[in-house]
Amino acid sequence: MTANNPSERTDALLELFPPGTELNAEGMLLLGGCDAGELAAAFGTPALVLDEAAIRSRARRYVDGLAARWPDSSVVWASKSLPHTAIYRLIAEEGLGADVSGGGEIVMALAGGVDPGRMVLHGNAKTDEELAMAVHAGVGTIVIDNLDDIDRLERLFDGTSAEQGVLVRVIPGVLPATHAAIATGHSSSKFGLGPAAAKEAIARLRGSDHLRLDGLHVHIGSQVMDAEPFTAAVEAIGRLGEFAVYNLGGGLGARYTYSDQPPSIETYLDALTAAARRVLPSTARLMIEPGRSLVAEAGVTLDRVVSVKRGEITFVAVDGGMSDNLEVSLYGQRFEATIADRVGGGELCTVVGRHCEAGDQLVDRVELRDPRVGDLLAIPVTGAYCLTMANNYNGARRPPIVLARDGAPRLVLRRETFDDFTRRDLD
């Protein structure tokens, strides 16, 4: 962070929170118009607070922006980023479909009112059960990730007159600058088919009685901070021939820190559609699958400070940790943090979680203003993948989700109880 005075540091930090976040007269964060301290008192900590208006706004920017650039288009939300029934409902209300990657996501999407015809099923190891669930639900598109997917679907439809729309996932041979664990478009990726295998799948599907080949799918990874790799992926699939549908995936990065500068949604859409106009048929339908970039900035995690240990390093330990945010441990993702009612810099600290793991570190070397036991800590940009990968390490209870809008909080997912730990046991 380059800002030198406290006011500039506060303003820079607030820019990482959902749009419209401000401070009340006492200096407390207002999230979606809701007092962060009151949210913590009502729902406990750790808790994931989501600014509903922020999600809706970005959803509309995607839908309206793509339609303005390519009229025959659709946006399906990559729901693995924040899978919960209430979020599926919100997304469906804004006119998006849903990309689902497993049985549980199908169930939640249906419960949230997503039109199954606007669902896209992904997965490199889809089971017979999941495929049957998708077909029974009427999922509109199934992405063929391997030749075994074709075999499974053919068996499922054998003896019927039914038809299923499919896309072939193609490896474009594009390696964006992102963490290796979330790069998916390079030649050694476990996802999709290389050009030769993709051509074999295309030939098989064109001869199928039950599987209707609609087109191609491509996805290069997550947290991509440059538009050029997306352009390269479009050009790669353009070499495979003309199809009715091209799903260009997602992967646009989110701004987690002061130095992050991802392309805007509009710049990203400009790059995609410009490449599509160069190499794809003008009559094709374009689909995109934004995930992280749609929901990340809407989320704020509230934690309570349990311990402050000053020494060579000042450790600020909170009641959350890697049980509700694995992004740091898995991907080395950098986050920022602040005391919720003393926003801005001060003492250089390392924020750690409560778990028995040296790697349970949430934010390394962050400035906090006079951190004390009992303080409320706020970590912005936690709307993507934190809920998805929440876990019960050391008996931690997975946190609640609170939707905040116009000063009114709404609990949409309760905190786990200790009774939940034994509820599925069979003696």
Side-chain angles (χ1 to χ4, degrees), residues 10 13-60 77 79 81-94 96 108 111-113 254 294-306 318-321 323-325 335-343 362 374-388 390 396-417 420:
T10 298
L13 184 55
L14 287 176
E15 288 179 1
L16 298 176
F17 283 82
T21 297
E22 56 186 3
L23 306 180
N24 67 11
E26 290 73 42
M28 178 64 78
L29 282 168
L30 296 176
L31 306 172
C34 299
D35 182 299
E38 294 178 1
L39 291 173
F43 304 109
T45 57
L48 177 59
V49 180
L50 295 168
D51 187 315
E52 180 178 338
I55 298 176
R56 289 184 182 276
S57 173
R58 290 185 75 83
R60 288 193 293 270
W77 170 51
S79 66
S81 57
L82 184 60
H84 183 266
T85 306
I87 312 304
Y88 283 107
R89 183 174 295 111
L90 185 159
I91 289 295
E93 288 172 356
E94 295 300 333
L96 287 78
M108 287 185 286
L294 202 158
V295 296
E297 73 167 26
V300 178
T301 296
L302 299 179
D303 293 294
R304 190 67 69 181
V305 175
V306 176
V318 299
D319 55 0
S323 58
D324 56 79
N325 187 344
F335 288 82
E336 302 294 345
T338 186
I339 304 301
D341 60 351
R342 296 191 299 281
V343 174
L362 290 173
D375 279 342
L376 185 64
L377 189 85
I379 301 177
V381 204
T382 57
Y385 294 100
C386 292
L387 169 73
T388 301
R397 294 172 295 166
R398 285 178 290 187
I401 296 178
V402 181
L403 281 180
R405 185 178 186 184
D406 298 330
R410 179 162 60 100
L411 183 68
V412 295
L413 178 68
R414 67 166 174 81
R415 186 183 310 281
E416 282 185 314
T417 67
D420 289 330

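Starting from 1, each residue takes its place in the sequence as its number. Keep in mind that this is a model prediction, so the values were computed, not measured.
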Could you measure the distance from the OG1 atom of Thr21 to the CG atom of Leu16? Nearest 0.5 Å is fine. 10.0 Å
Within the structure provided, determine whether Leu413 and Leu387 are in side-chain contact (heavy-atom separation under 4.5 Å). yes
What is the distance from atom SG of Cys34 to atom CG of Leu403, rounded to the nearest 0.5 Å? 10.0 Å
Heavy-atom check, side chain of Pro380 versus side chain of Phe335, under 4.5 Å: no
If every non-hydrogen atom of Leu39 is compared with every non-hydrogen atom of Leu302, which pair is closest and at what distance? CB-CD1, 4.2 Å
Measure the spacing between CG of Leu82 and OG1 of Thr388 and express it to the nearest 0.5 Å. 6.5 Å
Considering non-hydrogen atoms only, spot the tightest contact between Gly37 and Met28 and give its length. N-SD, 3.6 Å
Heavy atoms of Glu297 and Pro18 approach each other most closely as O-CG, 3.3 Å
Between CD1 on residue Ile379 and CD on residue Glu336, distance to nearest 0.5 Å: 10.0 Å
Do you know which two heavy atoms are closest between Ala404 and Leu31, and how far apart they sit? CB-O, 3.4 Å
Between Val412 and Arg89, is a side chain to side chain contact (heavy atoms under 4.5 Å, CB included) present by the stated rule, with each step listed? CA-CA 11 Å; Val412 295; Arg89 183 174 295 111; over 6 Å; no
Just list the side-chain donor-acceptor pairs under 3.5 Å for residues 46-59, sequence neighbours left out, or say none.
| unit_1 | atom_1 | unit_2 | atom_2 | d |
| --- | --- | --- | --- | --- |
| Asp51 | OD1 | Ala53 | N | 3.1 |
| Asp51 | OD1 | Ala54 | N | 3.1 |
| Glu52 | OE2 | Arg56 | NE | 2.9 |
| Glu52 | OE2 | Arg56 | NH2 | 3.1 |
| Glu52 | OE2 | Arg405 | NH1 | 3.2 |
| Arg56 | NH1 | Glu93 | OE1 | 3.3 |
| Arg56 | NH1 | Glu94 | OE2 | 2.7 |
| Arg56 | NH2 | Glu93 | OE1 | 2.6 |
| Arg58 | NE | Ser293 | O | 2.6 |
| Arg58 | NH2 | Ser293 | O | 3.0 |

Reported CG-to-CH2 distance for the pair Leu96 and Trp77, which is rounded to 0.5 angstrom: 9.5 Å
Heavy-atom nearest pair, Thr45 first then Arg415, reads N-NH2, 3.2 Å
Do the side chain of Thr382 and the main chain of Thr301 share a donor and acceptor less than 3.5 angstrom apart? yes
Measure from the side-chain N and O atoms of Thr10 to the backbone N and O of Val343, and report whether any donor-acceptor pair falls under 3.5 Å. yes
From Thr338 OG1 over to Leu377 CG, what is the distance, rounded to the nearest 0.5 angstrom? 7.5 Å
Nearest non-hydrogen partners of Asp319 and Val306, listed with the distance: N-CG2, 3.7 Å
Ignoring hydrogens and angles, tell me if any N or O in the side chain of His84 forms a donor-acceptor pair with the backbone of Ile401 under 3.5 Å. no
My understanding is that only residues two or more places apart in sequence, or in another chain, count here; which of them pass side chain to side chain contact (heavy atoms under 4.5 Å, CB included) with Arg342? Ile339, Arg369, Asp370, Arg372, Asp375
